[in-house]
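Just so it is clear: chains get the letters A, B, ... in the order the sequence lines come, proteins before strands, and each one is counted from 1.
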Amino acid sequence: MRIHFRFYSFHPFALVVYYMAILFGSMFIVNPVVRLEALLGGVIFLSLIRKRRMVSDIWFYLILFILIWITNPLFSHNGETPLFFMNGNPVTLEAFKCGASIAAAILASIIWFASAAEIIDDEKIVYLAGRFFPRLGLTISMALRFVPRLKKDFSACENAQKTAGLLTSDSFFDRLKFKLGILMSVSAKSVESSVIISRSMRARGYGMKGSTAYSRFFLRVSDVVLAVVSLITFVAEIIAVISGKVGIEFYPSVTELPVNFMAVSTYILYGITAFLPTIIEATEYLKWKYYISKI
Amino acid sequence: MEILHIEDLNFKYPDNESFALKEISFTVNKGDFVLVCGRSGCGKTTLLQLLKPEIAPFGEMSGKILFKSKDLKEGSMLRSAREIGFVMQSPEDQVVTDKVWHELAFGLENIGADAERIRLKIAEIAAFFGIDSWLTENTSQLSGGQKQILSLASVLAMDPELLILDEPTAQLDPIATENFISLLIKINRTLGKTIIIAEHSLEELFGASDKILLLNNGMITACGTAQEVSQSIVKTDFEFLLPASARIFSQTEGKGMIPISVKEGRKYLTDLNLKQINKPSNKDSDKAEPVIEMKNIMFRYGKDLNDVLRDLNLEIYKNEFFCLLGSNGTGKTTAVNVMAGTARPYSGTIKILNKPIKSYKGNSLYNGVLSVLPQDPAYCFVKTTLIDDYYCCCKVLGLNRHEAVKRIEMIMEKLKIKEFSTRNPLDLSGGERQKAALGKVLLSQPEILILDEPTKAIDSFAKYELGKFLSELVENGITIVAVTHDVEFAGEFASRCGLLSDGKIAGVGAPQEFFCSVDFYTTAARRISKGIIDGCVTCEQVVKACKGGEALEE
């Protein structure tokens, strides 16, 4: 399903730079404008990917947001505007605002990670790992092949043992013992099969010097554009964090929203980056609609 | 032109007194299709592995193996990796990576091909095998047959001159086997690749090979064309290896050229000029009481998935040997799981011995009522020696030491597996391991025994033994349900057969009426005799009918 997304078909390198820029900004720039952009951009793009699945998830995200938001003022009593007192401790307006900021940062990161998990799939991870450490790439690829197999083996073995009468009761310890027995049996079998796997690898010349790594990814102009835009944003974020001219302070009182040159350019750059996937999908959608109406 | 020359090859495994291979000499010409056959443990695998230096077993070797007139051991690794391809038996274990395209690229990456070449090679191979649509799939989603085709494709991508295959179809169903073998023949005919293959299922391959090598106890017993080998082994212990046509020919005392394919067999039978007589009678067995009743079973693996079983209705009667047939993916194994209570249908009722399956609590169903032999017998074992495993099982079944010893003794005696009792079940060969697993599931003395693909991965000799043993069990009052795609096995041993298709039973009947009512999905003997002698399903029946016919003509 997600294969039909334009954003999915970007080169793994471009995508990694992009997600680095997005996540760094949402986590380290303490500024309501940037956090709002991160949150909105993330939610809209994730709902584009997940469609109906997002509707049920939105409640989870909302509850999480509220929980983090109200937890902060309960424990942090800094700030100069007390709203009311609880157990003799002040609950302040500043702490509420700070809580909202932290909640937005955590939620935005979770949401962007969720979309990254959909966009950067196994194949891209294997490619990225293999690019720098070829052995690691192959190991991950083999692990990805191994896990579904182990699952299948486990359930086949469980059925076999159950029908041999080995699961005698419903008690917790009996079940645990039963499962452990199966795990033993399945691992013994995997050791045996690993001998054959290594034979299959050697038979196809594995372990010789001068091996190459093949991938199906091409670097296109659009990949370079995405990477460059992300990189510029990333650099701007780092400068913004180091200079300290973009962030705001919550305690003792909330400082004013900075509107200097550096701050405004950060808002604009981060805004473009955060909404970029949505914009790309929207253009793609319009393009198709246009094509279809022409057909 | 000779590609492979083997002279006086002897091989001995370390810690082993006897030779695994003795005085093997033969040559293979470029473009030959060579079939190596023989019983399990005759040295087929050892011989083939010695031809591939990277995976050659350790041991004492003497004699010469010349590949393109150079000693195999002296060649570089690159040369061997590139020029000799090797495909193994297990579809599960030889696929290394997670994506289909990566699997195809794996060998090429190892020999250092550049990206351009790999891209072209993958495209070419995918087109040749017609697997373009799988390229982006995960290898774990492929079926066994597809995995074997992928293994073959990934070896062929390296463009080897010699292709060695060690029982590549042993774990495939007959349709997948046929596909695989016709692919091999296509590779041999259209690309001129030299192929050496060791196989169990010989029906197809026998006629297609240029040269056949029959091994016994590590020695060459017969070597030559299909016709020569057939001539030299008819009327010997190895006759069971021959295709059905040749066996019928031999047992009806035919003279001259031996028919090998179904086509030649039909010609031979027609030329006998038999009158249509001696139709084997269809005895309607008295319907006994049902031991398993399945009514309107509906099953699927997930809410959004398709039904695997749809309105399945099936009754199994007491004391019968029922074979449930069907090709892969028709829900055979699911049907077994539902019958055995390990998968629960979302609709429908199952009764075991007139009691709903749900009313069996704890392991009461599996203690003396029903046992299942899984597809892979290795799953049965949890302990490191067979005898420990049996004792463990007896303990769980609630037997005391004395009873356990007695029962184990009896079962080991019956199956002749006493000699394996102190060995690790995982070290046994395919046929031995299956016997050991069969022993284990019989420990609970079940009334119903369910077997999932019992003939997978065992050779025709072991298959015959298994069939005999199961028939004995039926005579002793056990009801057997075997799920299989082996029509020959079902034709020979079943007392009733059913065909599962599209999640329901498409037809059911005694083997004779069942196999005679279908035209394609049937035994070789039936395909040979159809329209000439009707009502025959096994070679024996054809032979009997022929002899009966002659007797009447006199």
Discussion item. Side chains of N110(B) and S211(A): any donor to acceptor distance under 3.5 Å?
Written reply: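 No.
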Using a cut-off of under 4.5 Å for heavy-atom pairs, which of [options] has the most such pairs with chain A?
{"options": "F381(B), F86(B), F106(B)", "answer": "F106(B)"}
{"options": "A343(B), A113(B), G107(B)", "answer": "A113(B)"}
{"options": "C380(B), P53(B), A340(B), C392(B)", "answer": "C380(B)"}

Worksheet item: Below 4.5 Å, heavy atoms only, C-beta onward: do S193(A) and E92(B) meet side chain to side chain?
Response: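 Not touching, per the 4.5 Å side-chain cut-off.
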Worksheet item: Is there a side-chain contact between T97(B) and R145(A), using heavy atoms and a 4.5 Å cut-off?
Response: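 T97(B) vs R145(A): side chains apart.
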Item to complete: Name, in order of residue number, those residues of residues 126-138 of chain A that have a heavy atom at a distance of less than 4.5 Å from a heavy atom in chain B; otherwise write 'none'.
Response: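 Counting heavy atoms that sit under 4.5 Å from chain B, the residues of residues 126-138 of chain A involved are V126(A), L138(A).
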Worksheet item: Is there any residue in residues 195-208 of chain A with a non-hydrogen atom under 4.5 Å from a non-hydrogen atom of chain B, and which ones are they?
Response: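 Residues I196(A), I197(A), R199(A), S200(A), M201(A), R202(A), A203(A), R204(A), G205(A), Y206(A), M208(A) are the ones that qualify, each having a heavy atom under 4.5 Å from chain B.
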Worksheet item: What's the spacing between M142(A) CE and D98(B) CG if we round to 0.5 Å?
Response: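 It is 10.5 Å, given to the nearest 0.5 Å.
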Worksheet item: So how far is it from K162(A) NZ to L365(B) CG, rounded to the nearest 0.5 Å?
Response: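 Answer rounded to 0.5 Å: 11.0 Å.
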Name the region of [X], side chain, backbone, both or neither, that has any atom closer than 4.5 Å to a heavy atom of chain A.
{"X": "V87(B)", "result": "neither"}
{"X": "L108(B)", "result": "backbone"}
{"X": "I450(B)", "result": "neither"}
{"X": "V372(B)", "result": "both"}
{"X": "E116(B)", "result": "neither"}
{"X": "A115(B)", "result": "both"}
{"X": "R82(B)", "result": "neither"}
{"X": "N337(B)", "result": "side chain"}

Fill in: Y285(A) atom OH: more than 12 heavy-atom contacts under 6.0 Å
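Not more than 12 within 6.0 Å, no.
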Worksheet item: If you count the non-hydrogen atoms of other residues, nucleotides and ligands that lie under 6.0 Å from CZ in R344(B), is the total more than 12?
Response: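 No, CZ of R344(B) has 12 or fewer neighbouring heavy atoms, counting only those of other groups under 6.0 Å.
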Practice prompt. Flag the one option from N159(A), L144(A), V147(A) with the top tally of heavy-atom pairs under 4.5 Å to chain B.
Written response: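 Max contact count across the listed options: N159(A).
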Discussion item. Show every side-chain hydrogen bond (donor to acceptor under 3.5 Å, both in side chains) that has at least one partner inside residues 177-191 of chain A, sequence neighbours left out.
Written reply: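 Checked against side-chain hydrogen bond (donor to acceptor under 3.5 Å, both in side chains) - neighbours excluded - the pairs reaching residues 177-191 of chain A are E158(A)-K179(A), K189(A)-D376(B).
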Worksheet item: Where do K99(B) and S141(A) land on the side chain to side chain contact (heavy atoms under 4.5 Å, CB included) test, with the steps shown first?
Response: CA-CA 8 Å; K99(B) 294 275 177 194; S141(A) 173; over 6 Å; no
Closest contact, heavy atoms only, [X] versus [Y]:
{"X": "Y214(A)", "Y": "E109(B)", "result": "N-OE2, 2.8 Å"}
{"X": "T212(A)", "Y": "I118(B)", "result": "OG1-CD1, 4.1 Å"}
{"X": "S215(A)", "Y": "R119(B)", "result": "O-NH2, 3.8 Å"}

Fill in: All salt bridge (Lys or Arg N to Asp or Glu O under 4.0 Å) counterparts of K124(A), not counting sequence neighbours
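K124(A) satisfies salt bridge (Lys or Arg N to Asp or Glu O under 4.0 Å) with no residue once adjacent residues are dropped.
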Fill in: Residues E192(A), D93(B); criterion side chain to side chain contact (heavy atoms under 4.5 Å, CB included); working and verdict
CA-CA 10 Å; E192(A) 191 194 25; D93(B) 293 333; over 6 Å; no
Item to complete: For Q161(A) and Y379(B), indicate whether the former's side chain and the latter's backbone hold a donor-acceptor pair under 3.5 Å.
Response: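 Yes, Q161(A) side chain to Y379(B) backbone: donor-acceptor pair under 3.5 Å.
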Worksheet item: Side chain, backbone, both or neither: which part of A143(A) has a non-hydrogen atom closer than 4.5 Å to chain B?
Response: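 Neither part, no heavy atoms under 4.5 Å.
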